[in-house]
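Below is one structure, written out as structure tokens; comments come after it.
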Amino acid sequence: YRKRWGAFWSLIKEDRLLYGLIASYIALCWLATASIGESDRFSVLVYPVATLRITVLMAASFFVGYGFYVMIVLRPPRPIKRLLGDVKTWLHSGDAVRGLPLLVCFTWFFSAFSSFKSLIPAFQPFSWDPQWITIDKILHGGIQPWELLQEGLGFPWLTWLLNLVYNLWFVIMFAVFFWQLFRRAGDQVRAQFLVSFVLCWAVIGSLMAALFSSVGPCFVGRMSSELGRDYVGLFAYLNDVSEMYPLWALATQEKVWGYY
């Protein structure tokens, strides 16, 4: 028992930097929300059920994908036995043991991120849209970037395809995340990826999002008709396309606006 516990603890200590970053982020978010009297709206239990579902989905996907790899590439005499044996070996390895506790902590991390992000207007009112709109115009010859792209990309079928690709970020991100979280080799690469992953969400998605608080083109017209005039044509086009092809981004925007 002591030997197993010692081995488990040594694996946990390998990720102490990650645990420290996640704990520090959660603590800072809670302190920030408490400082403005909004700690009751902060929670680290937003995503446990969603994480469980994603974990099951990813596990099934990796199992099926690796099964095809075994059957098509490795082609052993007894592929099912080989597949089940490899899975059993991995489950008894330190990689699985090391990844599961960290996955639980990442569930708390994502929950803290969402809680904090929803409270950004309480810290910093949305005020940076005028500056971003001006910078966009300066960088693109006095017009908005979407106007430059519209001539080449303004076709309904292509807009739908771009929307499809855009929505794939969620699947790709979590596929790579789970791959690195439970990878069997290359610990240095794993550590670099996961530390960078945490810092991207914390520094860019939380700190910079709060410092440069803005609603962006999706919602600026709902906050100010004057600021939104540069995007009237864009959303008129997108709404027309959605009559022919489903644009899931528009539905997501409505949900986000409803939460706000």
Side-chain angles (χ1 to χ4, degrees), residues 47 50-51 53-69 71-73 110 113-114 117-118 126 128-180 193 196-197 200-201 204-205 208-209 212-260:
Y47 292 124
T51 302
R53 291 173 179 172
I54 293 171
T55 301
V56 172
L57 176 62
M58 288 297 171
S61 300
F62 279 120
F63 181 81
V64 172
Y66 186 70
F68 278 108
Y69 172 75
M71 290 187 291
I72 297 174
V73 178
F110 287 128
F113 174 85
S114 292
K117 187 172 183 179
S118 68
F126 298 124
W128 273 81
D129 287 285
Q131 290 90 327
W132 297 133
I133 291 171
T134 300
I135 291 171
D136 266 345
K137 286 185 176 180
I138 292 173
L139 292 175
H140 298 91
I143 61 176
Q144 290 299 325
W146 75 268
E147 296 177 274
L148 291 175
L149 296 172
Q150 187 67 7
E151 185 174 349
L153 301 178
F155 303 97
W157 67 270
L158 185 53
T159 300
W160 176 84
L161 183 61
L162 288 171
N163 190 173
L164 175 64
V165 172
Y166 172 75
N167 279 270
L168 285 176
W169 78 269
F170 185 84
V171 176
I172 294 172
M173 181 193 73
F174 273 104
V176 176
F177 169 70
F178 274 84
W179 168 38
Q180 294 298 324
F193 173 85
S196 300
F197 188 79
C200 281
W201 288 90
I204 302 174
M208 294 184 68
F212 303 104
S213 182
S214 61
V215 295
C218 297
F219 306 111
V220 69
R222 307 190 193 202
M223 308 292 285
S224 168
S225 57
E226 181 180 357
L227 291 175
R229 66 180 182 273
D230 288 313
Y231 308 103
V232 170
L234 172 61
F235 281 94
Y237 165 75
L238 293 175
N239 284 312
D240 287 341
V241 172
S242 69
E243 297 293 328
M244 296 178 281
Y245 303 97
L247 297 182
W248 303 292
L250 295 182
T252 301
Q253 289 166 18
E254 290 300 324
K255 289 182 179 179
V256 172
W257 180 254
Y259 295 149
Y260 171 72

When rounded to the nearest 0.5 Å, the distance separating CH2 of Trp257 from CE of Met223 is 5.5 Å
Do any N or O atoms from the side chain of Arg53 and from the backbone of Ala50 form a donor-acceptor pair under 3.5 angstrom?
-> no
Shortest non-hydrogen contact between Gln253 and Phe219, atoms and distance = O-CE2, 3.3 Å
side-chain contact (heavy atoms from CB on, under 4.5 Å) evaluation trace for Leu164 with Trp160 = CA-CA 6 Å; Leu164 175 64; Trp160 176 84; 4.0 Å; yes
Could you go through the side-chain contact (heavy atoms from CB on, under 4.5 Å) check for Val220 and Phe126 one step at a time?
-> CA-CA 9 Å; Val220 69; Phe126 298 124; over 6 Å; no
Just how far is it from atom CZ of Phe174 to atom OG of Ser61, taken to the nearest 0.5 Å?
-> 13.5 Å
Output field: ring centroids Phe177/Phe197 closer than 6.0 Å | yes
Kindly state each residue pair satisfying salt bridge (charged side-chain N to carboxylate O under 4.0 Å, His left out) with at least one member in residues 130-146, sequence neighbours excluded.
-> Lys137-Asp230
When rounded to the nearest 0.5 angstrom, what is the spacing between OG1 in Thr134 and CG in Leu139?
-> 11.0 Å
CD1 of Ile133 to CG of Leu227, rounded to nearest 0.5 Å, is 5.0 Å
Could you go through the side-chain contact (heavy atoms from CB on, under 4.5 Å) check for Val176 and Phe193 one step at a time?
-> CA-CA 10 Å; Val176 176; Phe193 173 85; 3.6 Å; yes
Return the set of residues passing salt bridge (Lys or Arg N to Asp or Glu O under 4.0 Å) with Glu254 (not counting sequence neighbours), or none when no residue passes.
-> Arg222
Stepwise, does the side-chain contact (heavy atoms from CB on, under 4.5 Å) test hold for Phe110 with Thr51?
-> CA-CA 10 Å; Phe110 287 128; Thr51 302; 5.6 Å; no
Value for CH2 (Trp132) from CH2 (Trp128), rounded to nearest 0.5 Å, stands at 5.5 Å
Identify the heavy atoms of Phe62 and Ala175 that sit nearest to each other, and give their distance.
-> CZ-O, 3.5 Å
Quick one: closest heavy-atom pair of Ala209 and Gly205, and the distance?
-> CB-O, 3.2 Å
Pairwise distance OG1(Thr159) to CD(Gln150) - rounded to 0.5 angstrom = 6.5 Å
Which heavy-atom pair separates Pro156 from Tyr245 by the least distance, and what is that distance?
-> CB-CE1, 3.6 Å
What pairs with Phe113 under ring pair (Phe, Tyr, Trp, His ring centres under 6.0 Å), at least two apart in sequence or on another chain?
-> Trp201
Return yes when atom CE of Met71 has more than 12 non-hydrogen atoms of other residues, nucleotides or ligands closer than 6.0 Å, and no otherwise.
-> yes
Locate the shortest heavy-atom distance separating Ser242 from Leu250; write the atom from each residue and the value.
-> CB-CD1, 3.8 Å
